[in-house]
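Here's the structure, in structure tokens; my notes come after.
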There are 2 protein chains.
Amino acid sequence: MTKDVRENRLKARIRDIADFYHKKGRMPSFSEIGDMVGIKSKNAVYKLVNKLEKLKVLERDDKGRLIPVSIASSVKMLGTVEAGFPSPAEEELSDSLSLDTLLVKNPQATFLLKVSGYSMSEAGILPGDMVIVDKGQVPKSGDIVIAEVDGEWTMKYLDKSGDGVTLLPANYKFKPIKPQKELKIAGVVTAVIRKYR
Amino acid sequence: MTKDVRENRLKARIRDIADFYHKKGRMPSFSEIGDMVGIKSKNAVYKLVNKLEKLKVLERDDKGRLIPVSIASSVKMLGTVEAGFPSPAEEELSDSLSLDTLLVKNPQATFLLKVSGYSMSEAGILPGDMVIVDKGQVPKSGDIVIAEVDGEWTMKYLDKSGDGVTLLPANYKFKPIKPQKELKIAGVVTAVIRKYR
DNA sequence: TTATATGGTGAACGATAGTTCACTGTCAAG
DNA sequence: CTTGACAGTGAACTATCGTTCACCATATAA
């Protein structure tokens, strides 16, 4: 009864703080939290923050400043499509994460390129897709790489299994590439993104 | 000569601040910036921040607190694969963005589901891929949706063109689904993500 | 040469930060 | 009915915040 009311109020407050963070790009201060959720005393906010810290919604700095934890993540990870969506209560339990931290290891060396050809279509990489490319990663055999071969840029599978290096397309209509003069591997494709609408 | 030195020092400082932000989850204070980059006077930091604000690296709050702009984004958007990578100087000019803001409109209603079947493989959605699902979006004809049809969860194209509603697979080996009793559309697939390694 | 922008030091300012204390109701469990 | 946890008020505390002041050194431009 009143327990539900308390929980709902707590969730609403977490949502308020998360909204603030996503809109303003920083965590609110204690007094700002108080203004948001309708608490007049900073001490009450202090206790609220203690609770949220235990819930791993946020963390405290060594200097006491707030840093987001579950708040910073924009999506919640569920199971497979076949499993469908769980009940709202169970949704809460699923661990949430940020796409940036999931997909980008070192931001300084990571780029987004647009795909235009069909040469990798059998690997599920279609024209209009975007690939995340890490320039700092060491390319291994089997990786999809962005390479400059004899003056032209392509995206292909890197194959070091035979003698020399071969670039393999993922489309039977395209031919493997044996670099004649030079092969410069600029980066490794670490992820593919397709955005609808 | 000395101009290059100045620019490089500025870039190194921007990198320091970005590293701080990505590691600690919040922007540093003025004195923290001073400690990081080796400036003893907060006034010098103040002038530095003014410059970074003009460069759109960061912004200032109405209360003077720092919020990240280009610092918050983890990837830099380039052109097509065929265009390849530009020179490092041109790389700087490319606009950078955050994958979270690029792919997620409302974080509260967005989920990540894992794909397991081949029923959408011709749309470039393969087993092991992840789909970003927005539960708050209104499903339109042509969208890829997550639906519960007659008690089972699937991901299919939504087709409202004919009479009634049909769920279309993207694989000729699978058959279109005409819901017998009930069709609950739980969300719209807004993006596909494939992560390597 | 003389200006003048640039980048820095150091001290001071009021405002706000997070924290702590004492105190007050409210509700559920004993 | 009492007890104790919970949630909140209000005031005080120190530390740190961003800002501004006056001043200095070094380059670049006139």
Side-chain angles (χ1 to χ4, degrees), chain A residues 1-18 20-21 23-69 71-72, chain B residues 1-18 20-21 23-72 92:
Chain A
M1 326 302 144
T2 38
K3 200 175 177 185
D4 289 1
V5 174
R6 268 213 308 259
E7 275 182 19
N8 284 335
R9 190 173 48 187
L10 183 61
K11 275 179 201 168
R13 287 174 173 179
I14 295 174
R15 218 177 310 124
D16 284 345
I17 296 174
F20 185 103
Y21 175 75
K23 216 175 57 183
K24 306 254 287 175
R26 64 165 176 88
M27 288 295 274
S29 72
F30 279 48
S31 34
E32 283 170 332
I33 293 178
D35 291 346
M36 264 192 295
V37 306
I39 292 176
K40 289 183 182 171
S41 166
K42 273 205 291 178
N43 181 29
V45 178
Y46 183 79
K47 292 174 186 172
L48 171 65
V49 167
N50 282 335
K51 196 179 298 176
L52 297 185
E53 201 174 6
K54 278 189 191 117
L55 292 173
K56 294 193 185 297
V57 171
L58 46 80
E59 269 182 8
R60 241 184 275 237
D61 225 32
D62 42 308
K63 281 175 192 157
R65 294 197 212 67
L66 303 182
I67 64 182
V69 181
I71 280 181
Chain B
M1 323 301 140
T2 38
K3 199 175 177 185
D4 288 4
V5 174
R6 269 211 312 255
E7 275 183 19
N8 284 336
R9 189 173 50 187
L10 183 61
K11 274 181 202 167
R13 287 174 173 179
I14 294 175
R15 218 179 307 125
D16 284 345
I17 296 174
F20 185 104
Y21 175 76
K23 215 174 58 185
K24 306 255 286 175
R26 62 165 176 88
M27 288 295 275
S29 71
F30 279 49
S31 35
E32 283 171 331
I33 293 178
D35 291 346
M36 263 193 293
V37 306
I39 291 177
K40 289 182 182 172
S41 165
K42 272 205 291 177
N43 181 30
V45 178
Y46 183 79
K47 292 174 186 173
L48 172 65
V49 166
N50 283 335
K51 195 179 298 178
L52 296 185
E53 202 175 6
K54 280 190 189 117
L55 292 174
K56 294 191 184 299
V57 170
L58 45 78
E59 269 180 7
R60 243 185 271 239
D61 226 31
D62 41 309
K63 280 175 192 156
R65 294 197 214 65
L66 303 182
I67 64 181
V69 181
S70 85
I71 280 180
E92 300 285 339

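In this text the structure is predicted, and so the values were computed from the model without any measurement. A, B, ... follow the sequence lines: proteins, then strands. Residue 1 opens every chain.
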What one should report as the nearest heavy-atom pair of Gly25(A) and Pro68(B) is O-CD, 3.6 Å
Between Leu58(B) and Val69(B), the two heavy atoms sitting closest are C-CG2, 3.6 Å
Heavy-atom closest pair (Ile71(A) atom, Met27(A) atom, distance to 0.1 Å) is CD1-CE, 4.1 Å
Atom CZ of Arg26(B) and atom C1' of dT16(D) are separated, to the nearest Å, by 12 Å
Numerically ordered, the residues 30-48 of chain A set in heavy-atom contact under 4.0 Å with DNA chain D is Ile39(A), Lys40(A), Ser41(A), Asn43(A), Ala44(A), Lys47(A)
Note: Lys24(B)-Glu32(B) ion pair, threshold 4.0 Å (strictly below): no
Please confirm whether the shortest side-chain N or O distance from Ser29(A) to OP1 or OP2 of dT16(C) is below 4.0 Å. no
All heavy atoms of Leu66(B) vs all of Pro28(B), minimum pair found to be CD1-O, 3.7 Å
Notebook entry, point to check: Checking Arg13(B) against Phe20(B): charged group under 6.0 Å from the ring centre and within 45 degrees of the axis?
Noted result: no
All heavy atoms of Phe30(B) vs all of Val49(B), minimum pair found to be CZ-CG2, 4.0 Å
Next item on the list: State whether Tyr21(A) and Arg26(B) meet the cation-pi test: NZ (Lys) or CZ (Arg) under 6.0 Å from the six-membered ring centroid, and within 45° of the perpendicular axis.
Entry: no
Open item on the list: Within the 4.0 Å heavy-atom criterion, would you say Arg13(A) contacts the bases, only the backbone, or no part of the nucleic acid?
Closed with: sugar-phosphate
What residues 51-71 of chain B contributes to the DNA chain D interface at heavy-atom separation below 4.0 Å is Arg60(B), Gly64(B)
